[in-house]
Structures are given as C-alpha cells and as structure tokens.
Amino acid sequence: MVGVIGAFDGALTILGVILGAYVGEGIDHPELARQLIIGAGLAGGIALAVSSTVGAYEAERVEHQLSHQHLEKAMLRPVEG
C-alpha cells in the first residue's frame, strides 16, 4: 500500500516538474527546459524514494510495537524478544 502511495506521489511530483519547466523555459529555451526536467526529475525521484522507504520502515516499526504491546497486555506480563 505504501509503495502505491509513494508511486502516485512520485508521478504527480515529476508531472509538476515537467509542467513547471515547460511553462517557465520550455517555449523559449527547450534545451534548458530539458536539462531542468532531467535534473529535477532525478533529484525528486531520489528524494521521494528515500522518503517512501523511511515512511514504510517507520510504519512497520510502529505496527510491530503495537502488536508487541497487545501481546504483553493479553499475557499480563512483559514479553522479551
């Protein structure tokens, strides 16, 4: 689920970069717009990949902690490991 959300965020971000570069420089300077799109697209893609990975890791870590706390509550004692 997180991967789908991250992919959708990435697609919309890259679409925004392409449209912004085209509107800003694409009409008068297509070569500059191409460089902007490639550079910002790669940088945005890397940033979104890191963000999605950290978000997925944190979500799984919290889910595991909640599951562990639920188990301890059911057993009425601390559970190691």
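Note that the structure is a prediction, hence the values are computed from the model and not measured.
- Atom-to-atom distance recorded for Gln65:CD and Glu60:CD is 12.0 Å, nearest 0.5 angstrom.
- Tyr57 belongs to no hydrophobic cluster with other residues, because no ILVMFWY side-chain heavy atom falls under 4.5 Å from its own, directly or through intermediates.
- Few gaps surround CZ on Arg61; more than 12 heavy atoms of other groups in view lie less than 6.0 Å from it.
- Summarising the geometry, atom OG1 belonging to Thr53 is positioned 12.0 Å from atom CD belonging to Glu58; distances are rounded to the nearest 0.5 Å.
- Side chain to side chain, His68 and Glu72 meet the donor-acceptor criterion of an N or O pair below 3.5 Å.
- One finds the CD1 atom of Ile37 at 10.0 Å from the CG atom of Leu32 (value rounded to the nearest 0.5 Å).
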